[in-house]
Peer 1: 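So that we are looking at the same thing, I have put the structure below in C-alpha cells.
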Amino acid sequence: MTRILITSALPYINGIKHLGNLVGSQLPSDVYARFNRAMGREVMFICATDEHGTPAELAAAKTGQDVAEFCAEMHEVQANLAKGFGLSFDYFGRSSSPQNHALTQHLAGKLAENGLIEEVSEKQVYSNTDGRYLPDRYIEGECPNCGYDSARGDQCENCTKQLNPTDLINPRSAISGSTDLEVRETKHLYLKQAGMRDTLDAWINSKKDWPILTTSIAKKWLHDGDGLRDRGITRDLDWGIPVKRGDQDWEGMEGKVFYVWFDAPIEYIAATAEWAEANGLDASAWERWWRTDKGAEDVKYVQFMGKDNVPFHTLSFPCTIMGSGEPWKLVDYIKSFNYLNYDGGQFSTSKGRGVFMNQALDILPSDYWRWWLLTHVPESSDSEFTWENFQATVNKDLADVLGNFVSRITKFCRAKFGEEVPAGGEYGAAEAAVIAEITKRLKAYEAHLEAIEIRKATSELRAIWAAGNEYLQNAAPWALFKTDPDAAAAIVRFALNLIPLYASLSEPFIPDAAADMLEAMNTKAVWPTDVAKALDSLPAGHAFTVPDVMFAKITDDARDQMQAQFAGQNT
RNA sequence: GGGCCUGUAGCUCAGUUGGUUAGAGCAGAGCGCUCAUAACGCUUUGGUCGCAGGUUCGAGUCCUGCCGGGCCUACCA
C-alpha cells in the first residue's frame with residue numbers, strides 16, 4: 001500500500017503566527033493527513049519550528065533572552081497552538097535539533113565531495129555597535145535614486161529600485177540606528193545550483209500535474225535573466241548550525257553557520273529522525289520514509305507551503321538532495337498557496353495586523369476557524385478575511401446546516417422514542433434516494449481530497465450535510481408520527497445514522513465537532529465504503545445522548561466587538 | 001523595469017481540451033413546515049463574464065492592447 005509522507009512549511013520561530021500563516025500551509029496539510037489516515041493509509045505528517053537566522057536573534061534580544069532559551073520557549077508556544085488548532089502532526093520538531101545539525105553537516109560534506117560547493121570571498125557590512133554583520137535589508141539610508149530616507153539595503157520601498165547596501169547615502173543599522181558601519185571581506189560557501197539547472201528543469205517539466213503557481217515560480221527562477229544562480233548557504237552569525245563537512249572542521253569557515261534556508265528543509269528529514277528517537281525507534285524507522293534504498297520507494301511525498309517558499313522547495317532543496325548523490329526521497333507533489341488578506345489589507349506580523357493564532361483560540365473554538373479558513377483557503381488567488389463573511393459562513397454552515405441537523409433529529413427522537421435508536425418500519429424509496437445522492441457526492445468529495453482541492457471538498461461536504469435536512473423536511477416524521485409511528489421510527493433511525501456518517505466525513509475539517517458527534521452517538525469513526533451499510537450501522541436499541549449545542553452562533557454584537565478589538569492596530 | 005497570477009450575479013467563488021438558454025453557496029423576494037440553535041425545505045429576482053479590438057461557423061474560455069488588484073524579483077525567512 002502507498003504510504004504518504006506529508007510536510008508543512010516550517011513556521012518561523014520569531015513570534016506567534018497569524019491566520020494567514022496557518023491557512024497557507026499547516027491547516028490544509030492537516031486536512032490531507034487526516035483524510036489519508038481515514039482512508040487507512042500509513043501517514044507520516046511532519047512539521048517543525050524554523051529557528052535560525054537574524055530575526056530569531058533579534059527577537060530574542062528584544063525579550064532579553066538568550067536565543068537558545070527564546071527558541072525553546074517559542075517552540076513550546078507554537079507546539080501548543082498547533083495542538084489547539086488540532087494540527088495532527090506525527091512530530092513537531094525543531095530545526096535546531098542535534099539530528100538536524102548532523103544531517104545538515106553531512107549533506108554539506110557530500111555536496112563538497114561532489115564538487116557542488118564553492119568558496120566565495122565577498123564584502124559585507126559589519127556594524128561595530130551591534131557587533132554583527134548586517135543582512136542587506138537591515139541596513140537603512142537615503143535612497144540615491146529618489147532621496148527617500150528609509151530605503152533598505154536591498155531595495156528602496158519608495159521607488160522600488162534595487163540597491164546594494166553600499167549605494168545608500170548615510171547608511172545606518174536598522175537594528176540600532178548606529179552609523180558605525182564598515183565593509184569587511186568575508187568568505188562564504190555557495191551551492192553551485194547553476195550547474196544543476198538542466199537537471200532541475202527536466203525534473204520540474206516532468207511534473208505535469210503540479211499547481212501552476214508552483215511550476216511558474218520554479219520556471220521563473222530557472223530561466224529568468226542568466227538563469228538559476230548559485231546561492232550562498234552560510235552566514236556570519238552565532239546562532240545556527242556550525243559549518244562543517246560531515247563531522248570534520250571546514251577550514252576558513254570557523255565561527256560561521258549554515259544559512260537557515262539551507263538547513264530548514266533538511267529539518268523535514270531530521271524531524272522524522274527526532275520522531276524515531278522520541279518513540280524509542282531505531283534509524284530504520286525514519287529511513288523507510290526518506291531513503292529509497294531503505295524502503296521509501298513506495299512513499300508518496302507531498303509538501304505544503306505558501307508561494308513565498310516555492311523557490312527553495314522546487315530548486316534549492318532538490319539541488320541539495322540530488323547533489324548529495326545519496327538516495328534521498330524527492331518530493332512528488334508540491335501544493336502551494338496564495339495569501340490570505342485581512343479586512344482590506346495584509347496580515348502583518350510586524351505591524352500586529354490581523355488575527356493571531358493565540359487570539360483566535362481565545363475568542364472561539366478551533367473548528368470555527370478551521371472551517372472558515374478551509375472554505376476560503378487561497379488556492380487560486382489571494383483571498384480575504386472579513387468579520388461579516390466569517391460570521392455568515394460559520395453561522396450558516398456549522399450552526400444551521402450541520403449543528404441544527406444533529407440537534408433537531410436527536411431532540412425529536414428523545415421526545416418521541418427516548419434516547420435510543422427506535423425500532424420499526426423499513427427504509428424505502430426516500431432513503432434509497434439519499435443513499436444514492438450521498439454515494440455520488442462522497443465520490444466527488446474523495447476525488448477532491450485526493451487532488452488536494454480543498455475548497456471544492458468543503459462545498460461537497462456541505463452539500464452532504466444539507467442532504468440530511470432535505471431528507472428530514474420531505475420525510476416529515478413529526479407529521480407521520482401521529483398516524484404511523486413505525487414509519488416515523490424508520491425515518492428517525494435513518495436520520496440518526498447520518499450523524500456518525502457526517503462525523504466521519506467531516507473529521508478532516510472539524511475534528512473536535514466530529515468527536516463530539518461520535519461521542520453523542522456512542523460510536524466510532526468509520527470512513528464509508530458502502531453508504532447504504534454505513535446508514536444501517538446504528539441498530540434499533542442503540543443508546544445515544546443529545547449533544548449540547550455544537551456551534552453557538554456568532555451574534556452581530558459579538559462580531560462587532562471582535563471587529564473593534566482587532567481594528568486597533570490597523571494602519 | 002521584468003516575470004507570473006488575477007478581474008464572472010450585491011458578497012465569496014465554480015466554470016473541464018473554445019460548442020446550445022453562464023453555475024453554486026450566501027444575501028434579497030415569495031411560499032411551505034413547525035422536529036430543531038427564529039433553525040429547515042421549495043420556488044424565485046440578480047450577470048453586454050474589467051474594457052476595446054482580433055481569430056473562429058462558434059469565445060467567459062484562444063491572441064493583441066489598455067485599465068484595475070496581487071505576488072515574486074534571489075542577503076527577511
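It should be emphasised that the depicted structure is a prediction, and the values quoted were computed from it without experimental measurement. Lettering of chains follows the sequences in order, A, B, ..., and the numbering in each one begins at 1.
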Peer 1: What's the closest nucleotide to the A:Tyr12 side chain, out of B:A77, B:C75, B:U37?
Peer 2: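 My answer, after comparing the listed nucleotides, is B:A77.
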Peer 1: Choose from B:C75, B:U37, B:C40 the nucleotide whose nearest atom is closest to any side-chain atom of A:Lys396.
Peer 2: B:C40
Peer 1: When we call it a touch if two heavy atoms are under 4.0 Å apart, what does A:Tyr339 touch: a base, just sugar-phosphate, or nothing?
Peer 2: sugar-phosphate
Peer 1: Under 4.0 Å: is that the gap between some side-chain N or O of A:Lys411 and OP1 or OP2 of B:U37?
Peer 2: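 For B:U37, OP1/OP2 do have a side-chain N/O of A:Lys411 under 4.0 Å.
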Peer 1: With heavy atoms under 4.0 Å as the rule, sort A:Glu57 into base, sugar-phosphate or nothing.
Peer 2: nothing
Peer 1: Taking only heavy atoms on the protein side, list every residue of residues 484-502 of chain A lying under 4.0 Å from any atom of RNA chain B, sorted numerically.
Peer 2: none
Peer 1: Among B:A77, B:C33, B:C11, which nucleotide has an atom closest to any side-chain atom of A:Thr54?
Peer 2: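 From the listed options, B:A77 comes nearest.
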Peer 1: From the set B:C35, B:A39, B:C72, return the single nucleotide nearest to any side-chain atom of A:Asp400.
Peer 2: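 For the A:Asp400 side chain, the nearest candidate turns out to be B:A39.
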Peer 1: Given B:G3, B:A77, B:C76, which nucleotide is nearest the side-chain atoms of A:Pro135?
Peer 2: B:C76
Peer 1: Where does RNA chain B form stems of at least three consecutive Watson-Crick or G-U wobble pairs, each pair having both distances below 3.5 Å?
Peer 2: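 Output for stems: B:1-7 with B:67-73, B:10-13 with B:23-26, B:28-32 with B:40-44, B:50-54 with B:62-66.
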Peer 1: Kindly point out which of B:C72, B:C40, B:U37 is positioned nearest to the side chain of A:Ser407?
Peer 2: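 Output: B:U37.
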Peer 1: So is the aromatic ring of A:Phe412 stacked onto the base of B:C35, judging by whether the centres are under 5.5 Å apart and the planes are under 30° apart?
Peer 2: no
Peer 1: For the side chain of A:Pro55, counting heavy atoms from C-beta on, which of B:C40, B:C33, B:C76 is nearest?
Peer 2: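 Of B:C40, B:C33, B:C76, B:C76 is nearest to the side chain of A:Pro55.
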Peer 1: Looking only at side-chain atoms of A:Tyr259, point me to the closest of B:C75, B:A36, B:C42.
Peer 2: B:C75
Peer 1: Where the side chain of A:Phe551 is defined as all heavy atoms beyond and including C-beta, which of B:C75, B:U37, B:U73 is the nearest nucleotide?
Peer 2: B:U37
Peer 1: May I ask you to say what A:Ser383 touches in the nucleic acid, namely base, sugar-phosphate or nothing, with a heavy-atom cut-off under 4.0 Å?
Peer 2: sugar-phosphate
Peer 1: Between A:Arg455 and B:C13, does any side-chain N or O lie under 4.0 Å from OP1 or OP2?
Peer 2: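 Yes, within the criterion.
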Peer 1: Which is true for A:Lys219 with a 4.0 Å heavy-atom rule: it touches a base, it touches only sugar-phosphate, or it touches nothing?
Peer 2: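 Here A:Lys219 touches no strand at all.
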Peer 1: Among B:A39, B:A36, B:C75, which nucleotide has an atom closest to any side-chain atom of A:Lys553?
Peer 2: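 That would be B:A39.
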Peer 1: Have a look at A:Asp308 and say if it touches a base, only the backbone sugar-phosphate, or nothing, with a 4.0 Å heavy-atom cut-off.
Peer 2: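 Base contact.
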